[in-house]
Structure formats: C-alpha cells, structure tokens
Protein chains: 2
Amino acid sequence: VRDSNPPSSEVPTSNLGAMEEDFPEFEPFEDEVQPRGFIPAGEGLMVQQVDMCQQQNKPNHYTTAYDTGNLVVRRGQEFVVRVTFSRPLADGDDFQLEFLIGSNPSASKGSLVVVTFNSRHSGPWMGQILEMQGESVLLGITPTPDAIVGKFRTYVAISAGSGMQRTKRDTSTDLYLLFNAWCPTDAVFLPDGAERSEYVLNDIGVINQGSVGAVSSRNWMYGQFERGVLDACIHILDASRMPIFNRGNIIQLIRKGSAMINSQDDNGVLVGNWSDDYSMGKPPTSWTGSVQILLQYANTGVPVCFAQCWVFAGVFNTFLRCLGIPSRVITNFNSAHDNTGNLKTELIFKADGTPDRRNTRDSIWNYHCWNEVFTVRPDLPNGLGGWQVVDSTPQETSDGHFRCGPAPVAAIKEGLLCHPFDCGFVFAEVNSDVVYQKRDRYGTLTPYRVDKTYVGQCIYTKAVGSSATHDITHTYKYPEGSADDERTMSRAEEYGCARDHSEVPETQLSVTISCEQVGLGHDVNLAMEFHNQGDVPRTVQANLAGSVVFYTGVIATHFKDQPFSVTLCVCAAEESVMLTVTAQEYMPHLGAQLCLHFVVTGQADDQSLIASKVVDLQTPGLQMQVSGSPQVKQEMVVTVTFTNPFSFPLQDVYVAMEGPGLMNQRSHLYRVIESQASISWSETFLPRLPGPRRLVAVLNCRNLHQVTATASSLHFTI
Amino acid sequence: VRDSNPPSSEVPTSNLGAMEEDFPEFEPFEDEVQPRGFIPAGEGLMVQQVDMCQQQNKPNHYTTAYDTGNLVVRRGQEFVVRVTFSRPLADGDDFQLEFLIGSNPSASKGSLVVVTFNSRHSGPWMGQILEMQGESVLLGITPTPDAIVGKFRTYVAISAGSGMQRTKRDTSTDLYLLFNAWCPTDAVFLPDGAERSEYVLNDIGVINQGSVGAVSSRNWMYGQFERGVLDACIHILDASRMPIFNRGNIIQLIRKGSAMINSQDDNGVLVGNWSDDYSMGKPPTSWTGSVQILLQYANTGVPVCFAQCWVFAGVFNTFLRCLGIPSRVITNFNSAHDNTGNLKTELIFKADGTPDRRNTRDSIWNYHCWNEVFTVRPDLPNGLGGWQVVDSTPQETSDGHFRCGPAPVAAIKEGLLCHPFDCGFVFAEVNSDVVYQKRDRYGTLTPYRVDKTYVGQCIYTKAVGSSATHDITHTYKYPEGSADDERTMSRAEEYGCARDHSEVPETQLSVTISCEQVGLGHDVNLAMEFHNQGDVPRTVQANLAGSVVFYTGVIATHFKDQPFSVTLCVCAAEESVMLTVTAQEYMPHLGAQLCLHFVVTGQADDQSLIASKVVDLQTPGLQMQVSGSPQVKQEMVVTVTFTNPFSFPLQDVYVAMEGPGLMNQRSHLYRVIESQASISWSETFLPRLPGPRRLVAVLNCRNLHQVTATASSLHFTI
C-alpha cells in the first residue's frame, strides 16, 4: 500500500502561475468501452456561456470593493453561476462544475473540487439548480467553510457518453475564494457586524506611536481592495512555497504570513532597517500605506526597502484583511525585547550609576506594533480562540525563522505559555520585570532596583468605527498586583519563565524627570524632582545624559552629559532642578530621528537613583484641502501645502499622497524649500468607492520626517 | 531606560571562532583612582601555571573516551583546577576564575562567568578552595546545571590594587562543558545507570530496518568520542547561528539540531536523496557511521551527499550523545506520511481496482527512523517530560523549516496534541487511518475500505546493554480498540486531527498475500488466498502488480502486471493461487533498491479486494575476522572477505570499515569482482579505548547494496 509520489519537498505550490491546461478538453472514461454506433445521453449538449454573476454575488459576499475583473467570494456561503447550454437540459443529461487550484490539483486534498447538481455523489462543495430558463441554468454553489483560499479555475464538464467534454480554459471565469468572517462555521467567524466592517472591510487605519504619556498616531492606508493587491497577497503565499493544500488552514496561513512579511530567511516582502541610513531605499517614515509596497514586491519579486515595526504591521494587516481574515494593528508601549526569553529585562549600570551599554543586551522599545487576528484555535483547548498575536517584525527568531505567533491573547492573560506559538515571547514583551543591575569592578552583577510595572504599560488599537484610541491592555493583563495577576505570574513561572526574585535594598532617595511637549527646533526644559524619605541629609552626585534614540530605544547619538549635585534635607525633603537642553545641542545629531532620551542618575553614599524621559519632538504641520463634490466618479481636487518653519533650507523633499478608493499614490519631489518658503501641490482624482474615505499625505527629507496630513471628513455618495 | 545594542539579528553567535583576546591583560578599575605610591594588596602575586587536571576530572565526569587534548566536563557537577601562583597566597589576596564563551561574552546572559573563592559576590557558578600547598591551590568549580553548553575559555585574574591582572589566552585551558545526565537538577537527568551507559556513552548502535514481519537491523557507528567530532557538533551550532545565550536550553538546542542535520533551508549537515542516482555523492547505504560525515561537514562547511532516514537519525544521535544528551534511534514500521497533517492516509484507486498513482498524494513508508531525546519539559504541564520525538529527516516542514519535534511521547500516547512541537505530525505517523478511495470516471472519490491498524504497527529501538530489539510501541499507543485508545483518539480529534468516519460497504470477499524470505537473485513465490464469506458464488477478476520500491514506498519501477481470475464457491470458500516472479523479471529493474512490492487487486461485481506484500531481498554475506590479543595499544589485524555469488561481475566495488575507539574509517575500491571470484582485505589497527568494542564493514556497488559485516564479540582490556 504505497504510492508513487515524490518526497514532499517537491510538492508543487504555484497558484497564479498555473495557467497551463488542467486536463484534456475531452477525457475518455478509462473504465468503459462503448459499443460502436451507440448514441449516449448528453450527446449534442454543449456549453455556450459561463457567467460568474458578479453583480449578484459581490454584494452578498461583501466583495464589491475589490478592484478586479474576476469574481471574489467568501467560503462557506453560496454563490451563483449561470451556465448557458446549446439546448435545454433533458432527462439523462449529466454535467458538473470543476474548481481547480494550484499546479497539481487533487480531489483528496481539496484542490480539485467537483460539484454536481443531481443525486450523483460529488466533492464536498454543495451544488443545486436554482432556476432553469430554456438553455440557461442558474446554479448555486457552496464551498465548504474550510476550503482552500486562493484563486480557482472554473470548468464545466458534460458527461458525453464515452468521456467528459470540458469547457476551454477561460481566465475570466477564475474565482477568488476568501476566508469568511460572516460564516458561523468558518474559523474566522466574527459575530459582530460593526467589528466585521472594521476588521475585515476597513481599508484605512490608524496606528499609534510615540511614547507613554505622549501617544501619537498616524494614518495607514491598508488599501486591501486596490487593483493588484489581492493578486500580490496570493503571490506572497506562492513565493513562500506554502503547499496549496494547507492554504485553507488559518493557523498555518497566518504563521507563514508572519514569516513572509519580513525578508529575513525567505526573501519576503520588507527589509527592516533601524539604522539612520536609508540611502538604498525609502525611509520607513515615507510610506503612506501598504499598496505601493505590495505591488512593488509582486512586480519585482525583490524585498522592498525599508520598514520598521509599524510598516511591517501595516502591510501584514493588508495581507490579512485582503484574504478575509479579521485583523488589527496593536501598539504596545514600553515593549520589552528580551534576548534570552526569560521574564527579566536586565539593564546594566556601572559603579558610578551611568549606563553600561557594552554589557546590556536586553532593550525596551518605546513602542512596538504587532497584529492581532481573530480566529478559533481548533488545535488548542477551549478558551484560547479569539484574538491571536501575530508579529512580522524581525525582532527575534521564533523557531529559527523571523516570525511570531499566533499566540492567543487569552493565553497571555492567563499565563498559559504551554501552547503554540511563541506565547512566552509575547508574554515577556508585555510583562517583563526591569532589573537594574550594578556591575562591579570585577565584572559581577548586583541588582539594585526592580521595576515590575514599567513594561507593557498600555496596549492600544484603533477603535471600531472611529479614529479614536481603544485601550485593550486589560485583554493582555489582569490589574497589576491583583490575585488574578499573581496566578498568571506563577503559572508563567511554572512554564519556564524566569521571574525576578532579587532582594533589592530599600532606598530612601528617588528622582523623577518630566518635560512639556517640545516642537522640533525648540529648547527642551527638563524638571527633575529629588526626594529623600530618610532621616539623614544627603548630597546626591547627579548626572543628566541626553541622547538621540530610535523608537527601539537604541541610542543613535549620545550628545550630552551634565554633572550636577543636589543636597537634600531629611524627612520627605524635595529639591527641584531645572535644566535646559538647547536646540543647538541636539539638532545636529538628529538624523532621521525625532526622539530624545534623557537619563538622570545619581549616587549618594550607597544609594543609586535613576529616572528617564523620552521626548518625542513635534513636527511642523502639513496642510491638506479637498475641494469639489464628494461623489463617486466626480472629479475632485486635493491641495497639499507646507511652509518651512526652520532657519535652514530643506533639500530633496519628497511628498506623497494616496487614498484607497479615491486615488493611487502620487508623489512629488522638491529639490529645495528655502527657510520660511511655502509649497503648494494640487492633484485631481476620480473617486472609485462610496462611503467614508480618507486621503493622507506625507512629507519626508533627510532632516525632517514624520510630517503628515489627512483629509478625513469625506463621505462619498454614488 | 534603554540600551545601545544592535537588533537581535546581529547577535554574535560564533563560538569556536572566537580566538581573539577577550579583554586586556591588565584592566584598570573604572571606579577608583589609586593614590600615587600606594602599594595595594595582591602586589607581586602572579599566576605561574593553570592545570585543568584532566586525569582527575575526566573519570568523574565520564568523559575519558573523548579524543581531545582539552578538558571535557559536564555541567552541574564540580570539576577541579590547580592554579600555581608566584608565591603562597596571603591575607587580602584576591583572585577569580573567568570562563568565557562566544564572541561577545556577557555576565547577564551566562556567557561570561566569574568564579570567586571567598565571600566576595560572584557569578552563578560555585567556587571553593579545596587544598593549598605552598604556591599551589586546588580549586573546585561547579557550573550551574543550566549553564551554556559549548567550549569555554579560561582565565585567572588577580585583583592588583588599581585593576585586574589576567593570564594570557591559553587554548590548552579551554574547557568543553556538556549536558549532564548524571546530575539530578540538569534537564536531561536520567536516573538509571544502565540507561546512561547506553543512551549517552554507547558509541555503537543498531538501527532497525526492513518491513513488518521481516525486520532487519544494521550497525551504526555513532563515534561521538572520536577525534574532531565534538568540535564538529559545536560547529553545527555555530553554523546554525544559534545565539550562544540559548545553548544551555535543551529544548531550543534539540529543535535547532533537528533542523541542522538536514541541509534544507539552512545548509545543514546532510543532503537527502531518495532517487536512484547517487553519482554526485556517496549512496546512503555506503556509510558505516556518523564520524566521516561530521568531519567532512566541519572541514568543508558544505552539506554531505547523501542520506536517507537512518543516516539522518544516526548522525543526529551522534550529535546528541556527543553533547551529553540521552538519545536513541527509533524505527516506526508502516510510517504514515500525510501531506495534509490530518489523520487519514488516502490511497486512491481506479474504477478497475488498480492504484491511481497520479491522484494519490499520501504515502506510507515501509519504515521510518527518528530519534528520541530524554529531557524534562519545563515549558509544558507535568507528565510530558521523558522521551521526546525529534526527527531530522526532511519529510515535512514543521513551521516552514525541515525539522520536527521535540514532541513528548507521552503526549502522542494521550492525544494531547495542543502542545509544542509537531505532536500532530508524529501522531499521524503512528496512528493514521488508511482510507482506500475509489475514484470514479467523473473524478469523485468514494471510500471503500478503511484500515485502522496498518500504520505504526510496531516501534522498535535497540535494547539497553545488548544488540537485541526493544519493542516500545506501548509507549506511543494504547492497545488498539481499548478504552484508553478511544480516549486518546477522541482527544486528538478535539485538537483538530481529522479522523476517518467513512461508512464503507461491508464486503464478503477478501484476499491475503504471503511469501517466504527471498535471496537477491532468486525467484519469488507468492501465495494468494481468496476468501468468500458470502452466500453467492463469485468470480474475481484479479491482477498481480509487481514493482521495485524505495523504503519510502515510492515506486522506482513497475515491472509486472499479471491478470488472472479466481472463482469462489459460497460459505467460507477459499481458493489459493500461486504465482512465481522470476529473478529475470525483477533483476534488471533493481537499481540500488532491494525491496519489491506486490499488490493483488480484485473486482467481483461491486466488491473490491486488495492486499499487498513487501519483499526485502536478502543480500549475500560479507565476512569479517579479527585476530590478535584484544588489548588497548596492542596491534590487531582485521580481514574482510567476500565472494561474488552472482553470474555477473560486480564493478567499482567500494568496501569500507571502521570501529569507534579501534580504528578510523578505511576504505578500498575493487574495479571488478568476477562472478564466483573472492576478495580478501586485511588492515591493522591499534585499539584506543577499552571495553566492549565493535568493527563494522560495508560493501557497496552500483548493483549491490546493504552488504555488511560486523565483528562484535571483542572486549578490550587495558
């Protein structure tokens, strides 16, 4: 009992590429030899026309917005096909529809599906005749809710006595089959209608960035319905060499997707770059959305340069929604990045209290973006379905590949880290203890402070139906210190997470640091408050260090060190110190970053103090104005204006805008914008889709990033 | 609170390569400025000699057999180092030992370990002074039982007032640290002494092959102690770019190992080849053991050609035992290879009952070899520690990489498929239902027979302390049909395994096929028994198909089809049919295979019959004779003889032999061995290790494989 197949490494995976003939137009039955002169039933029956009934199917399947000439439907739900024969059907006529996907379709694997419309046994998809009018027959076909997702080829075959007579290959009858959040038996079923509209159908998003206490947001154009994007998403699966047979399995598909959105290991979509040199590509801040990225990848097959976490998350979200999977982009503020996968983020300091960067391996990102996918988890015990973390940013290798998840959010909350995939890594991102270690002269480490609340302070996503921020921290964590939280923590420890149990000396001295919002090019005024709870007066030898940092917390340039001292009286004594960091001090060091990081450290006898503050510099505004009547197919005009507020000229200024359903990306390059000079750029566009729509613009040059504008109160009618 | 490190993709991973200076020989303290003229304690103290005490440490750590000039010890257990100073130690003298691994050692990650011998706080490894004799101090050092495994560099540093004075880099004090199956707090602790001797220390193995009812076995020389093998195993980890920090984690290390032993994706050790063309390398059957393969890979960095499952499993076993991990090679007979990862292995047949190879995707291997590793699973709930399945044969991609496991054997037995890693895949290998589908003229499938017992019929490994076969089927499966078995099956279904629930027609006709053992070059006599349980006489239109197959069940050549018919009376009627397949029929088609596969199918009205039989052809013998006195370092002679029993000459006959601890691999090429001619080849060798030892020889040429000999009753004394 054996077969004759090649080892699985040769399993064919091509999908879009499979344009060759699937089988002969006439295929004689192998099992029967007809007597000469016998006129079988079905003789003379031929197919004249196959109509995929787009106008009727698309609204029922919520796929009207896809800008493609082919039918797009969702699995687990009936769609209709109208077949016109050469004559009305008669008793004994026998025909079937055949749907094929991939380069080597197989009935036993679900990639060759035969649908019949009578009592004859057929494949798993249901078929019924809905209506017969002369030669024309309206057929209803219901793919199973676990069907393979991708692009199927459609054939009609007539049993013509001695064999099957098939229609010719016709690309206009090709059919895209998607996941179905509307279908209760699909793994990605989402019961709430408003949530489906947001998490499957919304092609415009808002991604939170910045830092705790100074959360900002940017628009991201997912554009999953734009022309070519659906093909690009299927191309990604083909490029991943994921077997066709597995493409109906949501768990395997999203895990593969999280690996493919980054280019590491597998020549995937996006190249990460956290340096300050983007000369070999486009800066991560210059993208307005996913469409350009996906089309460029699909057209060239070469990874696109460059991305940082919100770009990975934005493009991954497009991929997911485009295939019909409910998904959203999440931002975790103070996201731990633990190199050893335990629950301690260890920050090493020298004996004098200043950071020992050479010996610190862990890091905490100001924020980190990932995705959540809504799906059941048939592979896990009950209670672990629902939102799942998937992350395509190449932070850490999960199983040797740069990928992460799906990890059930419920498993993170409960500390159930014993299930696949990567729950321990995500748990550490939101729950790590920050351990401050002092490294002595001999190289040994002593913990002197533990902060159990710093990491994962808040976890945000865009609200359903609005641009507001929705706080979902409670879905990841019980309240800090609650009995539930304790249970989660000890469970996590049971499953191998090494928590911190250091005994740290009690300290009577402390310091806080604060600062108002600062515009780019303005001075930074820092207020430091020193406290003494002890009964001995103290003199603190303090230091203020200033750096330009990436959002990953990695220092780009350390530009300032200012020692000072403070004397504190006993009993809850307080002293304030104000220090000003001038624009001249930091501006020359900014590069593409807009993030300053100040660390105040202090030493008094055996006690160490530390506090830090991230300052996100505010950028000047970009204005956007839309004029005309907001109607589909009525020309409108959008104007982007900008004034250079700086005392220096801006060079090679790249401005881009786009709006899904309104216009494709357009861009413009200004060689120079002199100090105080203004630019104004107008474009016309022809709206394609109705409903609430948005346009976004971004301005980018070597020394000015993250300048964006949005026109959002646009509601288009037909 | 941030650091200045590069993203983790740049985490340095080199180990053996890190031969540069780790730090300056004199490193001034950063935190202290000494007054001029101050004579600190420790002045004048210098290190004269560092002795790693190999004679004392190796027997205590069971590492005497490793053929290396450096000390090899196991973690979680004390080893001693003798340091000779320039003068006897005095009060106030302060020194420490430093152990470094990797190219960027870090105290917080366990890759830079400081050991002190007084009350001063130090790293996690314990240190104590065991003995002081003048200038000489004997130090005891106990690495933690979760320490990083690999090659450490050793330094002695003296606190010399204003800084640390270190010994120079000295490769002779480098230290290999291994996993420790003797240490109760090591993850790989194995309580039974006989099992440790077998699963960690035995460098010779037996691997079962063949087919159910005709199990054969071959010797495999693991050779984990041979010169260069330990370095080669560490080189594999370096080549995998596995971060140094993770190399103490048994789960991560074995999962990485399972990916690296095959070359797919990652340029690993071995290239799989299941074709019949090995012209670009050595045939899988020609290897005698792992040593040549590992040394060739380490020396060239290029994957070694070629392997099949027992070669992958044999080399992986060497890698595991060499690093101190208890492991064994397993053979699963009738191993399902399910392309979709469900619990059905679907075999498709045409309407006339003959196999439909074009449409069959799944396969069942006559046998498949994998490895088991003994370890706790701190990442999983209780009860899932113990033996874990790991598989390095590139059968199927786990998570996109060609790897598999660790999957707890206990989880397979209980159907607990909701835990990492790859439990579902292994479960299917031993539990799949075989579903026989008939494909009708329209392409639709109808199941007509389900066999729930065929797959995973027996699971064998070598017995502890002998060459016997040990049946461990019961560790993977409850008795078929028991209540426990039913519970396991329904649990597996709960976790997404799709079981077969087809209703198949009851059939009154059946057939069995049997055959005696057959020598290569002899005729095959097949006995087929037809039965009729029904009350209607039947005439069966039958067919006997004969093929040469790979051990994977894949057909190499289909060489025979013989139709015949049988008429059966009613009521338990039996008819026997004997058919002879002559040597002339199959010999021209054999290639490198020794495996014939016969399928008898039959059709009587609406009833289908099928039975199949694998025939492993027996090869002629190779003789091996050892003469001399079995004593370490006493020259001995081994002679290999062979007579060509065939009527044709054998060309380009490659003969190789080796024996771990006795002699390195030697080989000899005979251009031609004429029909009935004999060869005799003698080699001398100098035994290195005492105890029971074994020599193995293998003969290989284009039309004769799997000819082996063993000299096994050798017990060497010192």
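Just so it is clear, the structure is predicted and the values come from calculations on it, not from any experiment. Proteins get letters first, then strands, A, B, ... in listed order; numbering begins at 1 in each.
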Just how far is it from atom SG of B/Cys423 to atom CG of A/Asp379, taken to the nearest 0.5 Å? 11.0 Å
Please classify the contact between B/Glu494 and chain A as side chain, backbone, both or neither, with a heavy-atom cut-off of under 4.5 Å. backbone
Distance-minimising heavy-atom pair for A/Ile348 and B/Ser108: CD1-CB, 3.9 Å
Smallest separation among heavy atoms of A/His419 and B/Cys418, with atom names: ND1-O, 2.8 Å
Interface check, chain B: of A/Pro381, A/Ala107, A/Ala556, most non-hydrogen pairs under 4.5 Å belong to A/Pro381
